[in-house]
K.L.:
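Structure provided below as structure tokens; questions to follow.
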Protein chains: 4
Amino acid sequence: MAEKRTDLALEARESFPHNHVEVQGVILEKHYCREGKAKITRVEIKDDAGSKAMKKPKGTYITIESDLFLQEEEDREPLLLCICEQLEKMIHGMKQKSVLIVGLGNREVTSDSLGPKMTEHLFITRHLEKELGKDFMRKNEYGCVSAIAPGVMAQTGMEASELLEGVVKKTKPDLVIVIDALAARSVKRLCTTVQITNTGIAPGAGVGNRRKELTKKTLGVPVVAIGVPTVVDAETIIGDHLEHVLEKQGYSEQEIEQFLCEILTSDTENVMVTPKNIDASVGRISKDLADILNHCFQKKG
Amino acid sequence: MAEKRTDLALEARESFPHNHVEVQGVILEKHYCREGKAKITRVEIKDDAGSKAMKKPKGTYITIESDLFLQEEEDREPLLLCICEQLEKMIHGMKQKSVLIVGLGNREVTSDSLGPKMTEHLFITRHLEKELGKDFMRKNEYGCVSAIAPGVMAQTGMEASELLEGVVKKTKPDLVIVIDALAARSVKRLCTTVQITNTGIAPGAGVGNRRKELTKKTLGVPVVAIGVPTVVDAETIIGDHLEHVLEKQGYSEQEIEQFLCEILTSDTENVMVTPKNIDASVGRISKDLADILNHCFQKKG
Amino acid sequence: MAEKRTDLALEARESFPHNHVEVQGVILEKHYCREGKAKITRVEIKDDAGSKAMKKPKGTYITIESDLFLQEEEDREPLLLCICEQLEKMIHGMKQKSVLIVGLGNREVTSDSLGPKMTEHLFITRHLEKELGKDFMRKNEYGCVSAIAPGVMAQTGMEASELLEGVVKKTKPDLVIVIDALAARSVKRLCTTVQITNTGIAPGAGVGNRRKELTKKTLGVPVVAIGVPTVVDAETIIGDHLEHVLEKQGYSEQEIEQFLCEILTSDTENVMVTPKNIDASVGRISKDLADILNHCFQKKG
Amino acid sequence: MAEKRTDLALEARESFPHNHVEVQGVILEKHYCREGKAKITRVEIKDDAGSKAMKKPKGTYITIESDLFLQEEEDREPLLLCICEQLEKMIHGMKQKSVLIVGLGNREVTSDSLGPKMTEHLFITRHLEKELGKDFMRKNEYGCVSAIAPGVMAQTGMEASELLEGVVKKTKPDLVIVIDALAARSVKRLCTTVQITNTGIAPGAGVGNRRKELTKKTLGVPVVAIGVPTVVDAETIIGDHLEHVLEKQGYSEQEIEQFLCEILTSDTENVMVTPKNIDASVGRISKDLADILNHCFQKKG
């Protein structure tokens, strides 16, 4: 079967033919919060079998889905608090540690600019301790937050991982938080879903197919990734729709795959599907994520 | 059949089932220039029958297709000269008149930002005559060029047409040139094709579905539109691929249409397909178009 | 005396040698609000004599000065409410009318970008009535707000006044609000002062010396201008400091003027003085002004 | 005497009271190139005595001054070639080595955005070798160029030096080129002068007073800095003008210093002087510098 790409563990889990049957090594839990306004799914990949089945690294993946993402500012507040709670659980015990926040992606491509735009709204405080002293920091309950938007290879000639390995080694944060735009499989999840994971960034994730991993293994400190799907691969959307029709016609999996191979050319490889109002969505969500991070790392909980 | 949207007259013409048969009221001519490096297609819609068949206003549509669009700067030069020639033919006799150049679209959406970005590279001279005198203008062979990027309705609350009607009435240019990002039907035409037309902008053209027309009728002066396709509607790409497979299976047009109606939901309505490297392409082409316009309106031919 | 340029009526009034003596035709009133945290000065130029003395058009000029401008978001709130009150007094009875908000200035020059950046944060609703109906507007208590950032002459080849006269005639707002970056005389007023006036924009105001007036006379509807000083002319700051020293040395006004004429060259004409942290200030204030305007025109008072 | 700040070695040299007398340990050479259109000054600080007198590190400082900086593109070409020659002399023998180009400064402050804007126009190739192979690189005569715009502390919480030390250690370029906006003493040098030096960046240089040095000592590889003055400190311009007048009045150095201390307050500390057309100048020069660097590192000499 032609690969259906998704960066969401939730969608990887859904893609198993019999959704209700347990996948070995994978725990799936759902609950609602804020009076049903947000649906929270926890996927935990516990062992190598689960990792292989899901094609994702072992770890915990929290997905928050909600229509509130599309609402106006005052109505989104309960959602933001809900995301904040989930993030705080994920970074348990590290709220008061020094954190490097990384905005991955290409500032010049709207659908990939979520990370860089988020960094513009962060409250940066790491440099203030040296300037204003520890007492000042304590009095204002400032955390130790630094940030970077490393750009993409075509802009820098460097992998984000090279750049970040160097920076982490030099500035020694206790924790790295990576914000990234993701690829989903389903159009209806675009800009309405957040995934938080303690696995860091796996090879091949992100809109622009970042290549090298950003994990505790490569950076030396815990890496929590926050991702929001903003694109669907064109091949995925064409394939999914075709499959849907052909399955109904009684074609076998093999036959369908054959059709797909024939029609998906290099033209469709180089395009992506993105919402028409992507600018407004990315603007709103990048600010929301920065607010969540500011709230999480700047005031005692 | 579900509508296959395209802003290219060339593609509208191709969509007739028997491509080689004449469509009444529509003239089609092709030739190559620059040693075959650019393919030029002239579609002329001569009468109401042609206009109805093509679902486009009467007028001349020139399309220039070339792989050179993707090449480096020095290699693109013959292509730019070729586009310049076609533009000069289209504005025949108005090269030395005063021109208002309009960059339509949304600066914040990469695929729709072609027009606004183009305006940043224009050489603007209309205001210099009052400041520096007619002799200065003549000595430097300056034209009388003004420009505006009117933004989109969500940013201004106004139709581009309202804004431009007011501006044209007040500043009285002899000619309006409108630059716009278009929707194509074929992925392989994205960022590799330019369409020049003397019909102005028809309702529903452009990436963001500009609604009101910008034509000689509404603005009171000739309107030449230069468009470059940067997106394909998601429904169009899904539909085209599905059709391709189902036709081979022997399904009738009606059956295929039925399938399409079932699977194309409101989700697919709100998304668009765009090249992954859209930022680089739009950056390059917006600069190219400005260079062409500067060359066309700033030096005696 | 070499001209000391200021766009603030307050500073024009202060420049009279005996500050406490009445200037004929000019009323001056001061009071504090929000427990002394903001100082409000009302200058009213009542007749031609006052206008000539002040070199400003007849009308009302409200200045709000406060250190709160430099504080964090939650601490600025009382200040914003105070500015909102003053604005509402100025537009008395027009809160529910249709308004065109104009962001003057050059987006590419940080100190002049206040107006264009403000428009990015506005809640635009004029176009929604046609799309969603009058009932929808009434239910949501939406106003009728449109906006434009007309750019500067080097970008458009047009005077802002030409562009706006055309737009106002076509879209017929009841009220125009113009936001502009101003020149002050005193460095300490930069980014800590707001001036609201019902005179519109006079020739020569603004950072980039906008040339044509934007007033009820030229636009046909009331024009309220909101300005924030972001620059001091280099000649003004040099002159003021020199004067200060030379007066102490007992030099006469005439002698001082002589010195100034000698040392102020064309080099100093083409430069301006601006705060080092101008980006942060303009970012913050442009958002604040948009919030004030959204608050003023989007909810029933 | 109140410090007159300049980042230009040329101006530091000029500030010695008797300009024609030799300063010990400092060599000064001038010549013209391109038929007198560009003036080239070479200041060489040879020993500790020279370094102390000049308050700049030992090394070579080349300044190119020319009115051509303000001309149109085709007229600037001889100037760009001239700068290119001087740069190639400075990096003697390293043209074909791998280079990391650093754009220092704050993208959001026009006068400080020269470095970040320059990086947008660079031709980046370091990552292509891994993707396309050594043969491809050789055939196209591509160099090995990477780039970064590290931002400023308020955006990242990190010193540029921390970030760059990490990156250099990890990506191991043979050479670092740093582009920075500088402070000059004379208004007439703004945007009309380039300084190239093999000393790297000294503490306190740059518009925003970058604090830590970027030198061979700190980065471990040769560091060549290219700087263009875009601002004058407000205190410097006020002081220089005042001095000029008061000297003529026969006041002693001590008396003048006394006056200056009295009138220069914290208000004047926080402001800077910058050309009114700074956006156009920075746009043009950032592109020019990128063209020079592309020319220098991408084709065999």
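First the proteins, then the strands, lettered A, B, ... as listed; each starts at 1. Keep in mind that what you see is a predicted model, and the values were worked out from it rather than measured.
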K.L.:
Rounded to the nearest 0.5 Å, what separation is found between the CG atom of A:L100 and the SG atom of A:C144?
P.N.:
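One gets 10.0 Å once the value is rounded to the nearest 0.5 Å.
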
K.L.:
Between D:T199 and D:G59, which heavy-atom pair has the shortest distance, and what is it?
P.N.:
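It is CG2-CA, 3.7 Å.
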
K.L.:
Given side chains that start at C-beta, do those of A:L104 and A:L214 come closer than 4.5 Å, heavy atoms only?
P.N.:
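Yes, their side chains come closer than 4.5 Å.
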
K.L.:
Please find the pair of heavy atoms, one from D:I196 and one from D:Q86, that lie closest to each other, and give the distance.
P.N.:
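Residues D:I196 and D:Q86, closest heavy atoms: CD1-CB, 4.0 Å.
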
K.L.:
If you compare all heavy atoms of A:T274 against all heavy atoms of A:S111, which two are closest, and at what distance to 0.1 Å?
P.N.:
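Heavy atoms of A:T274 and A:S111 come nearest at OG1-CB, 3.5 Å.
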
K.L.:
Side-chain atoms of residues 216-224 of chain A: list all donor-acceptor pairs with protein atoms under 3.5 Å, sequence neighbours left out, distances to 0.1 Å.
P.N.:
| unit_1 | atom_1 | unit_2 | atom_2 | d |
| --- | --- | --- | --- | --- |
| A:T218 | OG1 | A:E213 | O | 3.4 |
| A:T218 | OG1 | A:T215 | N | 3.0 |
| A:T218 | OG1 | A:T215 | O | 3.2 |

K.L.:
Using heavy atoms and a sub-4.5 Å threshold, report which of residues 112-122 of chain A line up against chain D, by residue number.
P.N.:
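The stretch does not come within 4.5 Å of chain D.
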
K.L.:
Start with the C-alpha gap between D:V109 and D:V207, add the side-chain angles, then the distance that decides, and say whether side chain to side chain contact (heavy atoms under 4.5 Å, CB included) holds.
P.N.:
CA-CA 10 Å; D:V109 175; D:V207 170; 5.7 Å; no

K.L.:
In residues 161-168 of chain A, which residues are in contact with chain D at a heavy-atom separation under 4.5 Å?
P.N.:
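The stretch touches chain D at A:E162, A:L163, A:E165, A:G166, A:V167.
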
K.L.:
Are the side chains of A:L87 and A:I292 in contact, using a 4.5 Å heavy-atom criterion?
P.N.:
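Yes; the side chains approach each other to less than 4.5 Å.
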
K.L.:
Write down the atom of A:F297, the atom of A:K95, and the distance for their closest heavy-atom approach.
P.N.:
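For A:F297 versus A:K95, the nearest heavy atoms are CD2-O, 3.5 Å.
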
K.L.:
Among the options A:G151, A:P150, A:S146, pick out the one with the most heavy-atom pairs lying under 4.5 Å from chain D.
P.N.:
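Between A:G151, A:P150, A:S146, the count favours A:S146.
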
K.L.:
Minimum heavy-atom separation for D:I285 to D:C191, with atom names?
P.N.:
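Distance-wise, the nearest heavy atoms are CD1-O, 3.7 Å.
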
K.L.:
What residues of residues 124-137 of chain A make heavy-atom contacts with chain D at a cutoff under 4.5 angstrom?
P.N.:
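Those residues of residues 124-137 of chain A which have a heavy atom under 4.5 Å from chain D are A:I124, A:R126, A:H127, A:K130, A:E131.
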
K.L.:
Would you compute the distance between atom OG1 of D:T110 and atom CG of D:N277 and round it to the nearest 0.5 angstrom?
P.N.:
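Result: 11.5 Å between the selected atoms.
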
K.L.:
With side chains defined as the heavy atoms from C-beta onward, is the minimum distance between A:K169 and D:K170 less than 4.5 Å?
P.N.:
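SC-SC contact between A:K169 and D:K170 ruled out.
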
K.L.:
Shortest non-hydrogen contact from A:Q195 to A:D7?
P.N.:
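For A:Q195 versus A:D7, the nearest heavy atoms are NE2-O, 3.2 Å.
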
